[in-house]
Amino acid sequence: MVQQITIGLLMYPGAQLSAVYGLTDLFFTANRIAMEHTPRTVEPLSVSRWQLAPKSGSVEVLDNTDCPNQLTVVIIPPNLESQGTDEPDVVLLDWLKTQHDGGAVICSICTAAFVLARTGLLDGRPATTHWALKEVLATQFPKVRVRTEQMVIEDGDIITAGGVTAWIDLGLRLIDRFLGPSVMLEVAQFFLIDPNGREQRFYSKFAPQFYHGDEAILRVQHWLQAHYSESISIADMTTVAVLGERTFLRRFKKATGMKPIEYLQALRVGKARELLEFSQTSFSEIAWKVGYEDQGAFRKVFYRLIGLQPSEYRRRFSVRVITDVTS
């Protein structure tokens, strides 16, 4: 059973609020989508805000008081007022190091790389920040391998993101890491973010076009969503569309950009990907569930569309327990 991922957002002086609340919205949406895929009683991502409390002199949680002191992930938002010269309170730096020592993945966004660098955790590690601050970071912290040509550098237990809005890329990367690519792509689609435009990916989600205006073809698409696991022929689709075969084929390709059989294959592969990510169901049973009696034939279709064998896809992208994804 997947354990809950606890994500802490550090509210230090000057922290960019749009990043804090934007990430909160991303993770809230990821929880909703993940729980639609796999119903559960506990949300997979627990988000909280932390800050240095003046009275106690320690870093304390602002909300979500049930959150444990040791987090899975700590995110340091950017500071729009800083050019890397501010000196964070030593208590904050010690807290970040303690969280890292306890197993937390520490993430920085834009100018927050300077905060993270002051902990010493970036020494000898690759890191990115805003491109305009490349020389400043490299000069102040010569042990850090600065690579601002990359939007996100994921170096195991340390993740750095460059640019003021790179919190979007970081958020999607964390959702992908902990909840899988299907959830990440649905979140990106919900927020109208093009993840392929912001980072190179080997796989893209099957996202059919429903706003083409052809009611007959739309009727077939809706029917396929409900009946994809059945034995389906072109004749079945033309019956639903109430169109002749030649007219149906022409209008289907114009509306969706795909031939009907290609569309059905992509739909079935998309369903199979979800089952590979969110269940331990054998591929032979998955093939049967999505409408293929011949698992060998479906394996070939899966490989042609995805570029990986089903077993390799599951190994890379299935939802894993915390000890797997943070190691």
Side-chain angles (χ1 to χ4, degrees), residues 33 36-37 172 176 180-279 281 283-314 316-317:
I33 291 171
E36 289 172 356
H37 282 290
L172 292 179
D176 190 357
S182 286
V183 173
M184 183 277 291
L185 288 169
E186 287 193 43
V187 171
Q189 185 180 33
F190 181 83
F191 284 96
L192 302 181
I193 301 167
D194 180 8
N196 291 316
R198 300 180 69 92
E199 60 181 85
Q200 294 185 351
R201 299 190 60 83
F202 292 105
Y203 317 103
S204 60
K205 181 186 177 184
F206 174 54
Q209 174 60 260
F210 293 109
Y211 303 103
H212 43 67
D214 191 324
E215 293 183 4
I217 301 306
L218 180 60
R219 188 163 57 248
V220 174
Q221 290 177 275
H222 287 165
W223 182 79
L224 288 173
Q225 290 291 143
H227 298 273
Y228 66 88
S229 61
E230 302 172 9
S231 177
I232 296 173
S233 65
I234 295 295
D236 295 325
M237 297 188 220
T238 60
T239 299
V240 175
V242 194
L243 295 171
E245 183 173 327
R246 291 183 63 182
T247 302
F248 168 72
L249 293 174
R250 174 178 55 80
R251 285 172 57 175
F252 193 97
K253 180 67 180 292
K254 180 181 179 180
T256 67
M258 306 174 73
K259 297 178 180 179
I261 296 303
E262 293 173 339
Y263 185 99
L264 179 58
Q265 288 176 339
L267 177 60
R268 286 170 167 171
V269 167
K271 298 295 183 180
R273 286 175 61 177
E274 293 179 9
L275 289 170
L276 288 169
E277 293 168 22
F278 293 97
S279 77
T281 306
F283 184 72
S284 60
E285 186 176 351
I286 289 175
W288 179 81
K289 282 179 177 288
V290 301
Y292 277 81
E293 294 183 2
D294 185 348
Q295 67 163 302
F298 185 54
R299 190 181 300 275
K300 292 178 181 178
V301 171
F302 189 96
Y303 182 79
R304 176 168 56 82
L305 294 183
I306 302 301
L308 289 173
Q309 293 294 343
S311 58
E312 176 65 10
Y313 183 87
R314 169 170 275 163
R316 292 192 185 189
F317 299 122

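One-based numbering along the sequence shown.
How far OG of S182 is from CG of D176: 9.5 Å, rounded to the nearest 0.5 Å. Atom-to-atom distance recorded for H227:NE2 and H222:NE2 is 12.5 Å, nearest 0.5 angstrom. A distance of 8.5 Å separates CD in E262 from OG1 in T256, rounded to the nearest 0.5 Å. The line from CD of E230 to CG of D236 is 8.5 Å long, rounded to the nearest 0.5 Å. A distance of 11.0 Å separates CD1 of I234 from OG1 of T239, quoted to the nearest 0.5 Å. The NE2 atom of H212 sits 10.0 Å away from the CZ atom of R251 when rounded to the nearest 0.5 Å.
Between V290 and L267 there is no side-chain heavy-atom pair separated by less than 4.5 Å. Residues I232 and W223 are in side-chain contact: their nearest non-hydrogen atoms beyond the backbone lie under 4.5 Å apart. Side-chain contact between H37 and I33: present, with at least one pair of heavy atoms (C-beta onward) separated by less than 4.5 Å. Counting only heavy atoms from C-beta outward, the side chains of F302 and L276 approach each other to under 4.5 Å. Using a 4.5 Å cut-off on side-chain heavy atoms (C-beta onward), K254 and D214 make no contact. R304 is listed as a side-chain neighbour of Q265, based on a closest heavy-atom distance under 4.5 Å. R273 is not listed as a side-chain neighbour of L305, based on a closest heavy-atom distance of 4.5 Å or more. Two residues are said to be in side-chain contact when any heavy atoms from C-beta on lie closer than 4.5 Å; R314 and S279 meet this criterion.
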Test log, rule side-chain contact (heavy atoms from CB on, under 4.5 Å), inputs W288 and Q295: CA-CA 7 Å; W288 179 81; Q295 67 163 302; over 6 Å; no

side-chain contact (heavy atoms from CB on, under 4.5 Å) between F252 and L243, intermediate numbers included: CA-CA 11 Å; F252 193 97; L243 295 171; over 6 Å; no

side-chain contact (heavy atoms from CB on, under 4.5 Å) assessment of L218 paired with Q221: CA-CA 5 Å; L218 180 60; Q221 290 177 275; 4.1 Å; yes

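When all heavy atoms of A241 and R219 are compared, the pair lying nearest together is O-NH2, 3.0 Å. The two atoms that bring Y303 and L308 nearest to each other are CD1-C, 3.5 Å, heavy atoms only. Minimum interatomic distance between T281 and I286 (heavy atoms only, all atoms of both residues): O-CD1, 3.5 Å. Here the closest heavy-atom approach between residue Y228 and residue R268 is recorded as O-NE, 2.8 Å.
The 12-atom threshold is exceeded at CD of E36, counting heavy atoms of other residues, nucleotides or ligands nearer than 6.0 Å.
Between F283 and F298, the ring-plane angle classifies as parallel under the 30° and 60° cut-offs.
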